[in-house]
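These notes concern the structure reproduced below.
Both backbone and side-chain heavy atoms feed into the values below; hydrogens, waters and symmetry mates do not. Since the structure is predicted, the reported quantities are computational estimates derived from the model, not experimental observations. Every number for a ligand or one of its atoms is a count from 1 in the order of the listing. Residue numbers count from 1 along this sequence.
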Amino acid sequence: MVRHCGPVHVESRACVRDTVLGGRRIRRGQIVSCFLGAADRDASVFPEPDRLVWDRTPNRHPGFGRGPHACLGAQVAVEVARHVLGTIGRRFPQARPAAEPVPRPDVTEHGMYSLRVSS
Ligand code: HEM
């Protein structure tokens, strides 16, 4: 789900020295923004990228960032989601979406205002 519809879509870095990235010159101090949401749907990396495949393997998506500043809470987030979604699924096995989700429009961080379900 973090790859398919994760919350963080853009992250930025300030370049600490002149460098070349993807054939482009980047000067010290310039800001580079990475569109994680676009990388998450890269068809050359993820076959059928628009499909939510629960057991997609490999699934090396950048939704939690990479490198020294990668998400410190990634494992917590995965465990909480597994627990919460598992509990809802067990306690309300008939739960189904009751309305279209109401998305929270935000360029960098995606989410929902609401997702109504019937049980
Ligand atoms: C689905 C849930 C989450 C997603 C998709 C997510 C995603 C991210 C992303 C993309 C970054 C930026 C990484 C980078 O700049 O390379 C980040 C940073 C961070 N996240 Fe999360 N995060 C989630 C939940 C959490 C939770 C639950 C916690 C804390 C318990 C947390 C704590 C942090 C911290 C402390 C950083 C900053 C790390 C640093 O700058 O060194 N995150 N997260």
Using salt bridge (charged side-chain N to carboxylate O under 4.0 Å, His left out) as the criterion, list what pairs up with [X], not counting sequence neighbours.
{"X": "Arg66", "value": "none"}
{"X": "Glu48", "value": "Arg51"}
{"X": "Asp106", "value": "Arg104"}

Is [X] in contact with ligand 1, taking contact as a heavy-atom separation below 4.0 Å?
{"X": "Arg13", "value": "yes"}
{"X": "Gly6", "value": "no"}
{"X": "Val80", "value": "no"}
{"X": "Gly63", "value": "yes"}

Shortest non-hydrogen contact between Leu21 and Ile26, atoms and distance: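 Minimum heavy-atom separation between Leu21 and Ile26: CB-CD1, 3.5 Å.
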Considering all heavy atoms of both residues, which atom of Pro101 and which atom of Leu115 are nearest to each other, and what is their separation?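 Closest approach of Pro101 to Leu115, heavy atoms only: CB-CD1, 3.9 Å.
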Regarding Arg3 and the six-membered ring of Phe46, is the cationic atom NZ or CZ under 6.0 Å from the ring centre and inside 45° of its axis?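 Judged by the rule (NZ or CZ under 6.0 Å from the ring centre, within 45° of its axis), Arg3 counts as positioned above Phe46.
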Output the distance between atom NE2 (His61) and atom CZ (Arg41), rounded to the nearest 0.5 Å.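 So the gap between those two atoms works out to 12.5 Å.
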Could you measure the distance from the CZ atom of Arg27 to the OG1 atom of Thr19? Nearest 0.5 Å is fine.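 Reported value, rounded in 0.5 Å steps: 12.0 Å.
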Numbering as shown, the atoms of ligand 1 that approach [X] to under 4.0 Å (heavy-atom distance):
{"X": "Leu36", "answer": "10 (C)"}
{"X": "Pro7", "answer": "5 (C)"}
{"X": "Glu11", "answer": "10 (C), 12 (C), 13 (C), 14 (C), 15 (O), 16 (O)"}
{"X": "Arg66", "answer": "16 (O)"}

Are Val80 and Ile88 grouped together when hydrophobic residues (ILVMFWY) are joined by side-chain heavy atoms under 4.5 angstrom apart?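 In one cluster: yes.
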Shared hydrophobic cluster for Val84 and Val76 (ILVMFWY, side-chain gaps under 4.5 Å):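 Linked within one cluster.
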Can you tell me the protein heavy atom closest to atom 38 (C) of ligand 1 and the distance?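 I find the closest protein heavy atom is His69 O, 3.5 Å.
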Starting from atom 21 (Fe) of ligand 1, count all protein N, O or S atoms within a radius below 2.8 Å.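 For atom 21 (Fe) of ligand 1, protein nitrogen, oxygen or sulfur atoms under 2.8 Å: 1.
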